[in-house]
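Shown next, in structure tokens, is the structure this report addresses.
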There are 2 protein chains.
Amino acid sequence: MRDPKEACEICLSRKLSLFANLTEEELKKISAAKNMISHKKGQTLFYEGTKPLGIFCVRSGVVKTVKAASNGKEQLIHLAKEGDFLGYTSLLSDDVYSSTSTIIKDARVCFIPKEAFMDVLRKDVNFHYKVTESICRDIGNMEERLTDANQKSIRERLAYVLLKLVNTFGVKGEKGEKIEIVLSREEIASLVGTATETIIRLLSEFKKDKLIALQGKYILVLDKKTLSKVADFYQ
Amino acid sequence: MRDPKEACEICLSRKLSLFANLTEEELKKISAAKNMISHKKGQTLFYEGTKPLGIFCVRSGVVKTVKAASNGKEQLIHLAKEGDFLGYTSLLSDDVYSSTSTIIKDARVCFIPKEAFMDVLRKDVNFHYKVTESICRDIGNMEERLTDANQKSIRERLAYVLLKLVNTFGVKGEKGEKIEIVLSREEIASLVGTATETIIRLLSEFKKDKLIALQGKYILVLDKKTLSKVADFYQ
DNA sequence: TTTAAAAACTGACAATAATCACTTTTCATA
DNA sequence: TATGAAAAGTGATTATTGTCAGTTTTTAAA
């Protein structure tokens, strides 16, 4: 569904994004070129293997990015929220999308065509710097995730993933912090890199140990401190 | 050991690097600011957690980059050879080094101080593009590695690592391709993300199955086709 | 409200990989 | 070339995780 545009100049999510410090003029250019589209859970923004024609900027909602392994399994690479850009690394390396992005919480997403984006990148050195800086930070994060994936047990990794989720999507309540995003057991499994059944079993162990609680579809993190310990060391 | 400088202008490795298309003037600036240092196997270029003061460019030899997991284990992140840059993502994200880089094959490495590097980056938009493009490609590679790490068995991953090594360091011989780099079983284990004993056992299986052969310290890849199959599917 | 499908969950079992406690081989150097 | 240390290799055992074959619960739509 194509929405009436909301100008980038007045967009609140923008403040959180790489566009935070663009000039009025640059924002107008992008606003003029972009589309804002409302998406329902389950809709897909782009598919692995197709060619990027621009970049996506999340106004609201949550988008998951998934990569297919050559043996058919799937890896959840990233969860994008308000202010996050999607698909720009493929655009910038002039490659096809390395992964598929799908809405998992109803979202409004702006699409900015390649030319408008590249134009700002070309003309605004500060913006280019910010982009570079952000990508370099991503590399650091990926190195850490790779290290964890290879050197830690599933139990440690799940604990770590829960802590990351609570950092990004956590909302403090009376008892513990609620992860304000619904992920199926299968999706958590694909994020951690394990079988769905293993996630189910570990979550109920964590629950038994009072590290987490379940509130309907949501996970409440009760004991971050102990969870951090579980994430770091074989107990 | 500090060496007499070899000017970037006449450096053969440069053609393989991100510096390939710099102007004469830019190269002179960098040449003037840099140091070339010869390193023996085992010496370390920089340590995880320290602040980058510039970037490293490999003239010859091989450098491994290793990251410590929070549980004390180690992950081999990258093997850099002639023409490869090291430490620039940490520099560009204004962060401490996320990993440690150590020589594993006697090397000559140039150190380019931050200011000289940033100066070229600031003034030469094309160079900045090339850097961005390269980092974005790295992101794609890391996504693939993460997916493999999480979704594949050790056997598949070892097969995949051997294929990657032969692509990068392979030299064709009469029978198969020789991986022209000496890695200990422990280092291969840290690259694949498993125990040393597991690597030893799998390598001798691969040898038994005539996928590889051992020639002293070197590994010969005999059957890339079957190895690719092993890398992709549970047999 | 019924009903079919999807998701969550459980238990048994098998497979994979880690760990430990060695032996053997290789290598550097005294 | 002797020798001690490091690396490679082996075997037995255990722990972890995956797979399969279900049941139960939840959800969405008729």
Side-chain angles (χ1 to χ4, degrees), chain A residues 40-42 64 69 71-76 102 104-106 148-161 181-208 212-219 230-231 233-235, chain B residues 40-42 64 69 71-76 102 104-106 148-161 181-208 212-219 230-231 233-235:
Chain A
K40 288 276 169 203
K41 182 173 176 168
K64 72 171 176 181
N71 57 12
K73 298 193 182 179
E74 284 195 336
Q75 172 66 32
L76 207 165
T102 304
I104 59 163
K105 183 177 182 179
D106 291 0
D148 282 3
N150 275 339
Q151 310 294 344
K152 290 186 169 183
S153 69
I154 304 284
R155 179 191 208 78
E156 290 174 303
R157 276 146 64 184
L158 176 59
Y160 189 72
V161 159
I181 178 188
V182 177
L183 291 173
S184 68
R185 300 294 185 256
E186 197 180 355
E187 282 167 330
I188 299 175
S190 145
L191 190 55
V192 173
T194 187
T196 307
E197 294 93 329
T198 304
I199 290 296
I200 290 169
R201 282 184 248 267
L202 283 174
L203 282 180
S204 56
E205 270 187 54
F206 286 179
K207 190 177 147 190
K208 205 190 70 197
I212 63 167
L214 300 179
Q215 195 177 81
K217 285 265 147 199
Y218 295 93
I219 295 174
V230 174
F233 305 105
Y234 289 98
Q235 353 92 280
Chain B
K40 288 276 169 203
K41 182 173 176 168
K64 71 171 177 182
N71 58 13
K73 300 193 181 178
E74 283 195 339
Q75 172 66 31
L76 208 165
T102 304
I104 59 163
K105 183 177 181 179
D106 291 0
D148 281 4
N150 275 339
Q151 310 294 343
K152 290 186 169 183
S153 69
I154 304 283
R155 179 190 209 78
E156 289 174 303
R157 276 146 64 184
L158 176 59
Y160 189 72
V161 159
I181 178 188
V182 178
L183 292 172
S184 69
R185 299 295 185 256
E186 197 180 355
E187 282 167 331
I188 299 176
S190 144
L191 189 55
V192 174
T194 186
T196 308
E197 294 94 328
T198 304
I199 290 296
I200 289 168
R201 283 185 247 268
L202 284 174
L203 281 179
S204 58
E205 270 187 54
F206 285 178
K207 190 177 148 191
K208 205 190 69 194
I212 63 167
L214 300 179
Q215 195 176 81
K217 286 264 147 201
Y218 296 93
I219 295 173
V230 174
F233 307 104
Y234 288 97
Q235 356 89 281

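Proteins get letters first, then strands, A, B, ... in listed order; numbering begins at 1 in each. Only this structure's heavy atoms are used, side chains among them; waters, hydrogens and symmetry mates stay out.
Note that CD of A/Glu156 is 10.5 Å distant from CD of A/Gln151, once rounded to the nearest 0.5 Å. If you take CG on B/Leu183 and OH on B/Tyr218, they are separated by 10.5 Å, rounding to the nearest 0.5 Å. Of the inter-residue distances, the one linking A/Lys64 atom NZ with A/Lys105 atom NZ reads 15.5 Å to the nearest 0.5 angstrom.
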Tell me which donor-acceptor pairs under 3.5 Å the side chains of residues 195-203 of chain A have, and how far apart each pair is, sequence neighbours excluded?
none

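Put simply, A/Thr194 has no side-chain N or O that comes within less than 4.0 Å of OP1 or OP2 on D/dT17.
With rounding to whole Å, B/Gln151 atom CD is found 10 Å from D/dT19 atom P. Rounded to whole angstrom, the span from the NZ atom of B/Lys40 across to the P atom of C/dA28 amounts to 12 Å. Atom pair B/Ile154:CD1 and C/dA15:C1' shows a separation of 13 Å (rounding to whole Å applied). When the P atom of D/dT10 is taken as reference, atom CD1 of B/Ile199 falls 15 Å away, rounded to whole Å.
Rounded to 10°, the helix from C/dT1-D/dA30 to C/dA30-D/dT1 has 50° between the axis fitted to its first five pairs and the one fitted to its last five.
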Can you give me the N/O atom pairs linking the protein to nucleotides 5-9 of chain C at distances under 3.5 Å, or say none if there are none?
{"residue": "C/dA8", "atom": "OP2", "partner": "A/Arg185", "partner atom": "N", "Å": "3.0"}
{"residue": "C/dC9", "atom": "OP2", "partner": "A/Arg185", "partner atom": "NE", "Å": "2.7"}
{"residue": "C/dC9", "atom": "OP2", "partner": "A/Arg185", "partner atom": "NH2", "Å": "3.3"}

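With hydrogens and angles left out, the side chain of B/Arg201 and the base of D/dG11 share a donor-acceptor pair within 3.5 Å.
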